[in-house]
There are 2 protein chains.
Amino acid sequence: MAHTVKAVAELAGISVRTLHHYDEIGLLKPAQVSASGYRLYTQSDLERLQQVLYFKELGFGLHEIKEIIDSPGFDRKRALLEHRQLLAERQNRIEKLIHSVDRTLEAMERGIQMAEKDMFEGFDHTKYEEEARQRWGHSEEYRQSEQRTKKYTKADWAQIQQESGAVYQGLVSVMDRDPADPEVQEWVRQWHEQINKWFYQCSTEVFRGLGDMYVADERFTKNIDKYATGLAAFMKEAMHVYCDRLEGK
Amino acid sequence: MAHTVKAVAELAGISVRTLHHYDEIGLLKPAQVSASGYRLYTQSDLERLQQVLYFKELGFGLHEIKEIIDSPGFDRKRALLEHRQLLAERQNRIEKLIHSVDRTLEAMERGIQMAEKDMFEGFDHTKYEEEARQRWGHSEEYRQSEQRTKKYTKADWAQIQQESGAVYQGLVSVMDRDPADPEVQEWVRQWHEQINKWFYQCSTEVFRGLGDMYVADERFTKNIDKYATGLAAFMKEAMHVYCDRLEGK
DNA sequence: CTAAACTATCACGTTACGTGAGGGTCAACA
DNA sequence: TGTTGACCCTCACGTAACGTGATAGTTTAG
């Protein structure tokens, strides 16, 4: 009932080497290994491989794919629905490329010069790929953060811990005030500054969204409310005020 | 009127590093370079870049793209028409992926198990990419040949020259006979053998097609008929007979 | 039993850039 | 004119995702 590498490779249109590679990096480990060391893939493995290939098709890196599929909340059905939407958008992009070809041909027929921007309509991957990543919590900010933090030393982390702890404590101590209070806002400014300094370039928009996430995402809420019950909600309000003020300038 | 790297990169949705790379490998060299060493891209460069990006989008490697665009017969209009067709086929493939998603979802709803092959419908790039390459004379055989011959020494080439020369001379000496003649067929068998040995795995089908090309492609005809006028046509006939016999087994 | 097909691991190489370092050039502004 | 930020250059190591070939064990059909 289980398949060896050649069969799976042929089924999926990939190479045996690819399957070896996926095994090595923990992306797709066969459910069984025979006594002689042969990889044996089950139906469940095939289902996972299908997901891997859809994510890969949509532009995700293998490391990213692993994190997404391995996360506790991963839901196969939801994933398929997301894939479908993103594939439909891929079609839109190809439509744009075809349209651009047509317009180039037309310009040539007419002997006129095409607007330069129109010549490259549809080639820009980044918009589509960024959207795909954001659907799975792998935004540009997340990636920037990963890029930066991978080089941090223990000392760096200790400093981050200390600085953020200070802000959390500060915010706890002023929780009885209005979120617009000057001291509250000063702690929020420091929080914003720390994120920019240690993690990623944090625009006003992103900072506001982060505040929303503190409340909307249970993991954030749970983590922050360790300092004081209701801190996450308080921070969200204060961050919104802060952003309103920044944008009012 | 000319653009520097940042402007071009933004226009085309690629990185500055990519433009540097393309310059390095001779794929897209700017028409001008300023006194201070700045790359300056003209309208003509943008047109070439557009072609590069279309080929890249369709799965060609950069080396391949360079060869195609630089070949004497390259025609921009024809290229655009080809791109259009291949992009339309890309859409077909994505349609298959979407269809496969739908079928997976349906199977899940019904609690049934999907046919394994259906799970991976649409993922196989190779068929489409091989077709794209064949449109530009970069078939699997061409690539195999390149892969093998890049490692050949002068001695290898001398041997190849000698062996093929012997076959050509042999065929010339029997040109007055029927293409089905045993001795003619023996020379053809040797020719087939040499191709398999030195260049690529040559199926009957491919060998037959090669014979057709000897006549249909002027470059082949001209080269082969150096040995004797009419040799290319004679070889084609003999090769067809040879293949008919192989397939008759 | 045998040979061909399949399997494994190992490891270097390839492709197409990404990234950071170090330094020169350009243009707007004080 | 000097300054500063944005843009430019070359250099070169690193990355991601395998491809390729070598060597050797295992399976399967004739």
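Computed from a predicted model, the values in this text were never measured in an experiment. Here is how names work: the chains are called A, B, and so on, in the same order as the sequence lines, proteins then strands, and each is numbered from 1.
- Atom CG in A/L19 sits roughly 10 Å away from atom P in C/dT7 (whole-Å rounding).
- Across B/F207, B/W191, B/W187, a single residue satisfies ring-ring contact (aromatic ring centres under 6.0 Å, His included) together with B/Y242, and that is B/F207.
- Distance from the side chain of B/V5 is smallest for D/dC9 among the nucleotides D/dC9, D/dC18, C/dT7.
- Put simply, A/R39 has no side-chain N or O that comes within less than 4.0 Å of OP1 or OP2 on C/dT7.
- Taking every side-chain heavy atom of B/L62 into account, C/dC17 is the closest of C/dC17, C/dA8, C/dC26.
- Per the geometry, CD belonging to A/E10 stands 11 Å off C1' belonging to C/dC6, to the nearest Å.
- Rounded to a whole Å, the CD atom of B/E64 is 16 Å from the P atom of C/dT14.
- Rounded to whole angstrom, the span from the CG atom of A/L53 across to the C1' atom of D/dC18 amounts to 14 Å.
- Dashed line: the shortest gap from a side-chain N or O of A/K56 to OP1 or OP2 of D/dC18 is under 4.0 Å.
- Spacing between atom NE2 of A/H20 and atom P of C/dT9 amounts to 6 Å, rounded to whole angstrom units.
- The side chain of A/T18 approaches D/dC18 more closely than any other nucleotide in the set C/dC26, D/dC18, D/dC8.
- Each of B/R17 and B/G61 was matched to the nucleotide of DNA chain C holding its nearest heavy atom; the match closer to the 5' end belongs to B/G61.
- Not less than 6.0 angstrom separates the ring centroid of A/H3 from the ring centroid of A/Y41.
- Taking the nucleotide of DNA chain C with the nearest heavy atom to each of A/T4 and B/Y22, the more 5' of the two is matched to A/T4.
- Here A/S15 lies in heavy-atom contact (under 4.0 Å) with sugar-phosphate atoms only.
- Listed nucleotides: D/dC7, D/dA17, D/dG19. Nearest to the side chain of B/Y38: D/dC7.
- The pair B/E193-B/R189 meets the salt-bridge criterion, since a charged nitrogen lies less than 4.0 angstrom from a carboxylate oxygen.
- Atom pair A/E24:CD and C/dC10:P shows a separation of 9 Å (rounding to whole Å applied).
- Comparing A/S36 and A/I25 by the nucleotide of DNA chain D whose heavy atom lies nearest to each, the residue mapping closer to the 5' end is A/I25.
- A distance of 10.0 Å separates CG of B/L58 from CD of B/E89, quoted to the nearest 0.5 Å.
- Going from atom CG of B/D23 over to atom C1' of D/dT10 covers 12 Å, rounded to whole Å.
- Atom NE2 of A/H21 and atom C1' of C/dA11 are 14 Å apart (whole Å).
- Atom CZ of A/R93 sits about 7.5 Å away from atom CZ of B/R90, to the nearest 0.5 Å.
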